[in-house]
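Report on one structure; see the data block that follows.
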Amino acid sequence: MFKHVDYLQFQAKPEKPDAFFAAKLQELVGGQFGEMTVMMQYLWQGWSCRVPGKYKDMIMDIATEEIGHVEMLTTMLARLLEGAPSETTEKAVAANPVLAAVIGGMNPQHAVVTGGGAMPTNSQGVPWNAGYIVASGNLLADFRSNVAAEAQSRLQTSRIYNMTDDRGVKDMLQFNLARDTYHQQQWLLGIEQLIEDGFTENGIEDSNGAEEKQEQNHTFYSFDPESAAGEGRWARGPALNGKDEIIYVPDAQPLTDDKPLGPAPDPRLFVTYDGSMGKGKPGTGAAAHGQGVANVVNKIKGALD
């Protein structure tokens with residue numbers, strides 16, 4: 001259950017309408033790293049967290065705060081668009097032909113589709129996409145993704161902050177910058193808590209770690225003979241797994257003689273095939289599908305045997 005309080009978390013009061021800036025501000029609403037993304041990402045992570053306690057509660061707290069941030073931004077957008085569909089756009093374009101040529105006016109969907117309201121889109125009008133969110137069920141992996149999401153969100157907020165002189169807009173964005181700064185810390189501290197509580201040894205996602213190739217889990221491969229990458233900390237010193245020294249391999253060579261070629265091609269489709277790989281197996285899409293089904297059946301039979 002969610003409860004709504006009829007006040008914004010922080011004020012969203014621009015000094016004056018600005019349709020051009022409103023179009024830019026849409027990126028912070030429905031862009032890949034906008035508030036809709038972090039809101040939905042944290043909600044999904046929180047809902048999917050199966051263990052009650054501090055981790056689930058923390059995720060839901062920040063998710064709920066992000067709902068309020070979307071509300072702040074949509075309110076700010078509506079206020080920036082007040083009176084903007086006609087007079088603000090016309091005055092700005094008439095006063096500056098270069099401006100008119102570059103931006104061509106406000107986002108027309110603000111006037112046509114929403115009647116002067118915000119949209120769940122980015123600054124180009126591309127609809128928000130659920131594919132932006134990460135909710136794996138693994139708190140360590142998700143917390144790392146959340147750090148990156150907050151960093152990108154803050155970066156874009158910072159860039160948009162420099163695109164306006166409106167003191168009211170800057171006031172709200174200063175609050176948003178501060179929250180993104182803390183939220184980065186919150187997820188990093190969450191990783192520290194996972195380590196402290198013994199859910200991970202070193203903050204590295206290493207499920208099935210005993211099964212991986214052990215030498216390769218602390219080796220840096222360089223593929224350029226003149227690369228300076230070996231000068232970095234990532235190529236020398238102790239590995240973060242706490243037990244190995246990093247191996248640096250300059251001018252790395254293949255570890256196998258396997259070449260990236262599939263089966264011999266269908267000679268009816270590949271007219272350049274010279275026969276060097278043996279006789280190709282002619283077939284159609286339906287035949288390929290049938291072969292795939294046969295492979296599955298054979299695997300099942302093998303497992304039963």
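Index from 1, following the sequence.
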- Query: To the nearest 0.5 Å, what is the distance between CD1 (I160) and CG (L28)?
  - Reply: 3.5 Å
- Quick one: side chain to side chain donor-acceptor pair (under 3.5 Å) partners of Y221, sequence neighbours excluded? Q216
- Message: Looking at K54 and D197, is any side-chain nitrogen of the basic one under 4.0 Å from a carboxylate oxygen of the acidic one?
- Response: yes
- Item | Gap separating the OG atom of S158 from the CD atom of Q174, nearest 0.5 angstrom | 11.0 Å
- Honestly curious: do F223 and I247 fall in one hydrophobic cluster under the side-chain, below-4.5 Å linking rule? yes
Can you give me every donor-acceptor pair (side chain of residues 6-15, partner residue at least two apart or in another chain, under 3.5 Å) with its distance?
residue: Q9; atom: OE1; partner: H69; partner atom: NE2; Å: 2.9
residue: Q9; atom: NE2; partner: E65; partner atom: OE2; Å: 3.3
residue: Q11; atom: NE2; partner: D171; partner atom: OD2; Å: 2.6
residue: E15; atom: OE1; partner: R167; partner atom: N; Å: 3.1
residue: E15; atom: OE2; partner: R167; partner atom: NE; Å: 2.6
residue: E15; atom: OE2; partner: R167; partner atom: NH2; Å: 2.7

- Query: Taking atom types as modelled and ignoring hydrogens, do the side chains of Q186 and N146 form a donor-acceptor contact shorter than 3.5 angstrom?
  - Reply: no
- Query: Distance-only, no hydrogens or angles: does the R79 side chain make a donor-acceptor pair with backbone N or O of P17 under 3.5 Å?
  - Reply: no
- Taking Q26 for its side chain and T121 for its backbone only, find out whether a donor-acceptor pair lies under 3.5 Å. yes
- Query: Below 4.5 Å, heavy atoms only, C-beta onward: do L77 and L25 meet side chain to side chain?
  - Reply: yes
- N162 atom CG, neighbour heavy-atom count above 12 within 6.0 Å: yes
- Do V134 and W47 share a hydrophobic cluster, counting only Ile, Leu, Val, Met, Phe, Trp and Tyr and linking them when any side-chain heavy atoms are less than 4.5 Å apart? no
- Message: Suppose the criterion is salt bridge (charged side-chain N to carboxylate O under 4.0 Å, His left out): which pairs have a residue in residues 214-230, not counting sequence neighbours?
- Response: none
- Give me the other members of the hydrophobic cluster that V51 sits in, counting Ile, Leu, Val, Met, Phe, Trp and Tyr linked by side-chain heavy atoms under 4.5 Å, directly or via other members. none
- Does the side chain of T219 reach to within under 4.5 Å of the side chain of I246, using non-hydrogen atoms? no
- Note on the structure: dist R233:CZ -> F220:CZ (nearest 0.5 Å) comes out at 13.0 Å
- Between K24 and S123 the two heavy atoms that sit nearest each other are O-CB, 4.1 Å
- Query: So, T37 and W128: side-chain donor and acceptor under 3.5 Å apart, yes or no?
  - Reply: yes
- Message: Could you check whether any side-chain N or O of T181 sits under 3.5 Å from a backbone N or O of L177, counting only pairs where one atom can act as donor and the other as acceptor?
- Response: yes
- Message: Could you tell me if the side chain of E245 sits less than 4.5 Å from the side chain of H218, heavy atoms only?
- Response: no
- Query: Do L73 and N176 have side-chain heavy atoms sitting under 4.5 Å apart?
  - Reply: yes
- Item | hydrophobic_cluster_shared for M172 and Y182, side chain cutoff 4.5 Å | no
- Message: Which residues pass the side chain to side chain contact (heavy atoms under 4.5 Å, CB included) test with E211, not counting sequence neighbours?
- Response: N208
- Message: I need the Q41 CD to F33 CZ distance, nearest 0.5 Å.
- Response: 9.5 Å
- Item | Side chain to side chain, L43 and I67, heavy atoms closer than 4.5 Å | yes
- Residues passing the side chain to side chain donor-acceptor pair (under 3.5 Å) test with S48, sequence neighbours excluded, are none
- Rounded to the nearest 0.5 Å, what separation is found between the OG1 atom of T164 and the CG atom of L80? 7.5 Å
- Message: Checking Q156 now: which residues fulfil side chain to side chain donor-acceptor pair (under 3.5 Å) with it, not counting sequence neighbours?
- Response: none
- Query: To the nearest 0.5 Å, how far apart are CD in E66 and CZ in R179?
  - Reply: 8.5 Å
- Task: Decide yes or no for M72 and F175: does some side-chain heavy atom of the first lie under 4.5 Å from some side-chain heavy atom of the second?
- Result: yes
- Query: Which other residues belong to the hydrophobic cluster containing W187, where Ile, Leu, Val, Met, Phe, Trp and Tyr are joined when side-chain heavy atoms lie under 4.5 Å apart, directly or via other members?
  - Reply: V38, Y42, Y55, M58, I59, I62, L139, L140, F143, V147, L188, I191, L194, I195, F199
- Nearest heavy-atom neighbours spanning E27 and N122: OE1-CB, 3.4 Å
- Message: So, using side chain to side chain contact (heavy atoms under 4.5 Å, CB included) as the criterion, who are the partners of N217 when residues are at least two apart?
- Response: E212, Q214, N241, D244
- Smallest separation among heavy atoms of A264 and Y273, with atom names: CB-OH, 3.7 Å
- Please report the shortest heavy-atom distance between K56 and C49, naming the atom on each side. NZ-O, 2.9 Å
- Note on the structure: Residues passing the side chain to side chain contact (heavy atoms under 4.5 Å, CB included) test with T64, sequence neighbours excluded, are F2
- Task: Identify the heavy atoms of S227 and Y248 that sit nearest to each other, and give their distance.
- Result: O-OH, 4.3 Å
- Message: Test your reading of the model: is there a side-chain donor-acceptor pair from R144 to the backbone of G203, 3.5 Å cut-off?
- Response: yes
- Message: Using only atom types and a distance under 3.5 Å, with no angle test, would you say the side chain of K170 pairs donor to acceptor with the backbone of Y161?
- Response: yes
- Note on the structure: For D180, the side chain to side chain donor-acceptor pair (under 3.5 Å) test, sequence neighbours excluded, returns S153
- Listed once per pair and sorted, the side chain to side chain donor-acceptor pair (under 3.5 Å) pairs that draw on residues 131-142, sequence neighbours left out: S136-D142
- Item | Steps toward side-chain contact (heavy atoms from CB on, under 4.5 Å) verdict (R236, E231) | CA-CA 8 Å; R236 53 186 168 81; E231 300 171 6; 5.7 Å; no
- Query: Under 3.5 Å, is there a donor-acceptor pair between the side chain of E150 and the main chain of Q152?
  - Reply: no
- Message: Pair L189, E192 - check side-chain contact (heavy atoms from CB on, under 4.5 Å), show working.
- Response: CA-CA 5 Å; L189 291 169; E192 289 187 14; 3.8 Å; yes
- Looking only at heavy atoms, the pair that brings D251 and P225 closest together is OD1-CG, 3.7 Å
